[in-house]
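Letters A, B, ... are given to chains in the order of the sequence lines, protein chains preceding strands, and every chain is numbered from 1.
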Protein chains: 2
Amino acid sequence: MAKRPADPANAGATAARQVPMRDFSRSLPMSLLRAREAVMRQFRPSLREHGLTEQQWRILRALAAIEAAEVTELARTAFLLGPSLSRILRDLEARNLIERKTAKADLRRSMVSISEKGVKLMASVAPSSEAIYSEITRRYGARKLAELQDMLAELERSLAELGASDEAIAEE
Amino acid sequence: MAKRPADPANAGATAARQVPMRDFSRSLPMSLLRAREAVMRQFRPSLREHGLTEQQWRILRALAAIEAAEVTELARTAFLLGPSLSRILRDLEARNLIERKTAKADLRRSMVSISEKGVKLMASVAPSSEAIYSEITRRYGARKLAELQDMLAELERSLAELGASDEAIAEE
DNA sequence: CGCATTCGCTTAACATGTTAAGTACTTCTC
DNA sequence: GAGAAGTACTTAACATGTTAAGCGAATGCG
C-alpha cells in the first residue's frame with residue numbers, strides 16, 4: 001500500500017479512489033486501443049500464416065492500390081513513420097516482394113512498387129482477409145460500422161489543428 | 001470466402017486500381033489507428049516533459065486507482081502484455097516510482113504499488129492531462145464522445161467471442 | 001559559382017509489441 | 001510426499017514505434 005499524503009487536493013493516490021481521474025478504462029485512448037486490438041486479433045493469425053506482419057501487409061496493400069510511390073508518400077498512406085518504413089522496405093525488398101528504383105529526376109527519391117511475387121502473395125492473403133472483414137461487419141452491423149468510421153474520421157478532423165507539438169506554433 | 005478471387009495475371013498493380021480491396025484508408029484497423037494517434041499526439045508532449053511514456057503513465061494511473069495489484073492484474077488493467085509490463089516495472093522501480101514486494105502467501109506473486117514519489121509525479125502531470133482531455137471533449141463534443149465510447153465498447157463485445165486462436169484452419 | 005539550407009531517406013538508439021521459452025514456486029495426484 | 005502439471009512472472013529474440021542524428025542530393029541566394 002502506498003502511504004499517502006494527507007493532501008486530498010493533490011489528486012494523488014488518496015483522492016484516486018474517491019475522485020479517480022476519468023475511469024481509466026473509459027479513457028478515449030484506452031477505448032481506441034482496446035477496440036483496435038480486438039479487431040487486429042482477428043487478422044493477425046491469418047497474416048502470420050503468410051509470413052506477414054500487420055505493417056508489411058499495410059505496405060503491400062498501399063502499394064497495390066497506387067502502383068508506385070515515393071517512400072514519403074508511402075509512409076503517409078500506410079501511416080508509418082519513416083524509420084519504420086525504411087526498415088520494412090529493406091526486408092520486403094530482400095524477400096523480393098517489392099522493387100525499388102531511384103528516380104531519374106531526383107536522385108534522393110526512390111520509387112517503390114510491388115513485385116510480381118508480392119502481387120501473388122497478396123492474392124493468397126486477400127480472400128481470408130476479406131472473409132474476416134466480412135465477419136466483423138456482419139457481427140457489428142454494416143450500418144453501425146460505417147457510422148463508427150465516420151465518427152472516427154471526425155475525431156481526427158477535430159484534433160487535426162491542435163498543434164502536434166505542445167502549443168500551437170502556427171506555422172503558416 | 002473470396003468475393004472475388006484475384007487473378008494473379010490480372011491483379012497486378014494495374015488491376016488493383018479497378019478492383020481495390022476496401023479503400024485502404026477506410027479499413028477499420030486504419031481508422032482506429034489514425035484516430036488513436038490523433039488523440040495520443042495531444043498527450044505525448046506533456047507526458048514527455050515529465051519523463052513518462054504513454055505506457056508508464058497508464059501503469060501509474062492504474063496503480064493510483066487500485067492501490068496495489070499483482071502484476072497479472074495490472075497487465076490486464078493497463079492493457080499491456082506481460083513482457084512489456086515486466087520491463088516497464090523494472091524501470092519504474094529503478095526510478096523509485098513504484099514499489100514491489102512479494103506476497104507472503106504465494107512467493108510467485110508480487111504486489112505492485114505506486115510510491116510516494118510516483119504519487120507526486122502523477123499530481124504534477126494530471127492537471128495538464130486533464131486539460132488536454134477537456135479540450136478534446138470540447139472540440140469533439142461530450143455527447144458524441146460518449147457515443148463513440150459506447151460504439152467502441154460494443155465493437156469489442158462483438159468480437160470478443162470470435163476465437164483469438166484458431167481461425168486458421170485452412171492449413172492442411 | 002560557392003555555400004548554407006532544405007529535402008528525402010537511412011541509421012542509430014532506446015522503448016514497446018509480440019511470441020516463445022525459461023524459472024521459480026504451487027498445487028494436484030497417486 | 002515425490003514427481004507431474006499448472007501458475008506467475010521474467011528473459012530472450014525479433015519487429016516496430018519514436019525521436020534524433022546522419023548523409024547525399026537538390027535548392028536558394030549572395
(request) Kindly say whether A:Met151 contributes a backbone atom to a donor-acceptor pair with the side chain of B:Tyr140 at under 3.5 angstrom? (result) yes
(message) For B:Leu63, run the side chain to side chain contact (heavy atoms under 4.5 Å, CB included) check against B:Val119, B:Thr77, B:Leu74 and tell me which one passes.
(response) B:Leu74
(message) Considering every strand and a 4.0 Å limit on heavy-atom distances, what is the contact class for B:Thr72: base, sugar-phosphate, or nothing?
(response) sugar-phosphate
(message) With a 4.5 Å cut-off on side-chain heavy-atom distances among I, L, V, M, F, W and Y, is there a chain of contacts connecting B:Met111 to B:Leu92?
(response) no
(request) Would you give the length of the straight line joining atom CD1 of B:Ile98 to atom CG of B:Leu89, rounded to the nearest 0.5 angstrom? (result) 4.5 Å
(message) Tell me the closest heavy-atom pair linking B:Met40 and A:Pro29, and the distance in Å.
(response) SD-CB, 3.6 Å
(request) Check salt bridge (Lys or Arg N to Asp or Glu O under 4.0 Å) between A:Glu93 and all other residues, then give those that pass, not counting sequence neighbours. (result) A:Arg100
(request) State the CH2-OG distance between B:Trp57 and A:Ser27, to the nearest 0.5 angstrom. (result) 11.0 Å
(message) Contact list please: residues 103-112 of chain A against DNA chain C, heavy atoms, distance less than 4.0 Å, in numerical order.
(response) A:Arg108, A:Arg109, A:Ser110
(request) Rounded to the nearest angstrom, tell me the gap between atom CD in B:Glu70 and atom C1' in D:dT7. (result) 11 Å
(request) Would you check if the side chain of A:Gln149 reaches a backbone N or O of B:Arg26 as a donor-acceptor pair within less than 3.5 Å? (result) yes
(request) Indicate for each nucleotide in nucleotides 15-21 of chain D, in 5' to 3' sequence, whether protein heavy atoms under 4.0 Å reach the base (B), only the sugar-phosphate (S), or nothing (-). (result) SBBBBB-
